[in-house]
Amino acid sequence: MTAVNEAGARVAVVVPAAGRGERLGGGVPKALRPLGGRPMLVHAVQALSAAELVSQIVVAAPPTLVEVVSRLLGPDVRVLPGGAERVDSVRGALRALDDDIRVVLVHDAARPLTPPSLVDAVARAVLGGHPAVIPVLPLADTVKEVDADGRVLRTPPRGGLRAVQTPQGFRREVLEAAYASQDGDQPAVTDDAGLVERLGVPVATIPGADEAFKVTRPADLMFAEALLARRPLAESGRSS
């Protein structure tokens, strides 16, 4: 991977993949759960590698499986031990990036069918001037805010709500500043854009992709298997 965009900047993708993913079951880390005969992480990384603007990929793997994951992904992907929490994995991967990387995308390994075109769209939006960019989809369901006892507090208007996907893209210095400011006393966030928002940095949105859904539960895996089976062999990466 040696892609350099028209502005001369290089784009990297960080993939935190050290989580256990207990809701999915299967007895293996979620990123290594088979999908169409290959680990989900392999599908995710192949999509990243197919993106035109990506020039470096760094994966944070379960510490005991670094060599296994390295063999799965090949020599073009840097694999390092992940941390106890997702923030630890991303922080460590940021330190491993090449010095000339200017744009960093962070991608969930559990979104194995994300199209390369979405990866490029996020990167292109950051390269175009946005400090932070996330792909989003409108919500189909009504959302309720509830208290600790499950009682409904309010119904926020659905028109202003979006479901957030990955990859999320950032100027490198913005993401590094966000992680440098993160400490254990702050409330937990569920995505990298949440950390950036705490800095007061504006986060732009672009249209996401239906295929970029997150595989979290067994039903999600069944849906991913069905979608993968409908893909042409060349696109899915399978050989006859």
Open item on the list: Do the side chains of Arg86 and Asp192 get close enough for a salt bridge, i.e. N-O under 4.0 angstrom?
Closed with: yes

Task: Considering all heavy atoms, the nearest Pro62-Ala17 contact - done: CD-O, 3.3 Å

Open item on the list: What's the separation between atom OG in Ser70 and atom CG in Leu80, rounded to the nearest 0.5 Å?
Closed with: 9.0 Å

Open item on the list: To the closest 0.5 Å, what do you measure between OG (Ser181) and CG (Leu195)?
Closed with: 7.0 Å

TODO: Report the C-alpha separation of Val106 and Thr166 in whole Å, then their side-chain angles, then the decisive distance to 0.1 Å, and conclude whether the side-chain contact (heavy atoms from CB on, under 4.5 Å) test is met.
DONE: CA-CA 7 Å; Val106 184; Thr166 71; over 6 Å; no

TODO: Return yes if some donor-acceptor pair links the side-chain N/O of Arg10 with the main-chain N/O of Gln56 below 3.5 Å, else return no.
DONE: no

Open item on the list: Can you confirm whether more than 12 heavy atoms, excluding those of Arg162, are under 6.0 Å from its CZ atom?
Closed with: yes

Open item on the list: Do Val68 and Val79 sit in one hydrophobic cluster, given that two such residues count as connected whenever their side-chain heavy atoms are within less than 4.5 Å of each other, even indirectly?
Closed with: yes

Open item on the list: More than 12 heavy atoms of other residues, nucleotides or ligands under 6.0 Å from CD of Glu85: yes or no?
Closed with: no

Open item on the list: According to a hydrophobic-cluster definition based on side-chain heavy atoms being under 4.5 Å apart (Ile, Leu, Val, Met, Phe, Trp, Tyr only), do Phe213 and Leu139 belong together?
Closed with: no

Task: Within-4.5 Å side-chain heavy-atom neighbours: Leu127 and Leu53 - done: yes

TODO: Hey, could you give me the CD/CG distance between Glu197 and Asp191, rounded to the nearest 0.5 Å?
DONE: 6.5 Å

TODO: Assess whether side-chain contact (heavy atoms from CB on, under 4.5 Å) is satisfied between Val14 and Ser89, documenting all intermediate values.
DONE: CA-CA 9 Å; Val14 167; Ser89 293; over 6 Å; no

Open item on the list: For a 4.5 angstrom cut-off between non-hydrogen side-chain atoms, does Asp108 reach Thr114?
Closed with: no

TODO: Examine distances only and state if a side-chain atom of Arg171 and a backbone atom of Val126 form a donor-acceptor pair shorter than 3.5 Å.
DONE: no

Open item on the list: If I take atom NE2 from residue His43 and atom CZ from residue Arg231, how far apart are they, to the nearest 0.5 angstrom?
Closed with: 8.5 Å

- [ ] Compare every heavy atom of Ala44 with every heavy atom of Ala109, then report the nearest pair and how far apart it is.
- [x] O-CB, 3.9 Å

Task: Where Ala96 and Val58 come nearest, the two heavy atoms and their spacing - done: CB-CG1, 4.4 Å

- [ ] Measure the shortest side-chain to side-chain distance between Val45 and Leu72 over non-hydrogen atoms and say whether it is less than 4.5 angstrom.
- [x] no

- [ ] Kindly give the heavy-atom pair with the smallest separation between Leu94 and Arg172, and that separation in Å.
- [x] O-NH2, 3.7 Å

Open item on the list: Can you give me the closest heavy-atom contact between Arg102 and Ala9, atom names plus distance?
Closed with: CB-CB, 3.9 Å

Open item on the list: Could you tell me if the side chain of Phe223 sits less than 4.5 Å from the side chain of Leu221, heavy atoms only?
Closed with: no

Task: Cluster check Ile206, Val11: I/L/V/M/F/W/Y, side chain < 4.5 angstrom - done: yes

Task: Arg111 (side chain) donor-acceptor with Ala212 (main chain) under 3.5 angstrom - done: yes

Open item on the list: Could you measure the distance from the CG atom of Leu113 to the CG atom of Leu227? Nearest 0.5 Å is fine.
Closed with: 6.0 Å

- [ ] Kindly indicate whether the side chain of Val133, heavy atoms from C-beta on, has any atom under 4.5 Å from the side chain of Val203.
- [x] no

Open item on the list: Quick check: is Val164 connected to Val90 through a chain of hydrophobic side chains (ILVMFWY, heavy atoms under 4.5 Å apart)?
Closed with: yes

TODO: Indicate yes or no: does Asp220 engage Arg217 in a salt bridge with an N to O separation below 4.0 Å.
DONE: no

- [ ] Kindly check if the number of other-residue, nucleotide or ligand heavy atoms within 6.0 Å of CG (Asp149) is above 12?
- [x] yes

Task: Other residues, nucleotides, ligands: >12 heavy atoms within 6.0 Å of Glu145 CD - done: yes

Open item on the list: A side-chain contact here means heavy atoms from C-beta on lying under 4.5 Å apart; do Pro16 and Val87 qualify?
Closed with: no

TODO: Could you grab the distance from atom NE2 of His130 to atom OG1 of Thr205, nearest 0.5 Å is fine?
DONE: 9.0 Å

Open item on the list: Restricting to non-hydrogen atoms, name the atom on Pro207 and the atom on Pro135 that form the minimum distance, rounded to 0.1 Å.
Closed with: O-CB, 4.4 Å

TODO: Begin from the C-alpha positions of Thr142 and Arg158 and carry the test side-chain contact (heavy atoms from CB on, under 4.5 Å) through to its verdict.
DONE: CA-CA 6 Å; Thr142 297; Arg158 189 173 62 186; 3.9 Å; yes

Task: Val136 with Phe170, same ILVMFWY side-chain cluster at under 4.5 Å - done: yes

Task: Flag side-chain contact, heavy atom, 4.5 Å: Ser49 against Asp76 - done: no

Task: Contact check, side chains of Gln168 and Val122, non-hydrogen atoms, under 4.5 Å - done: no

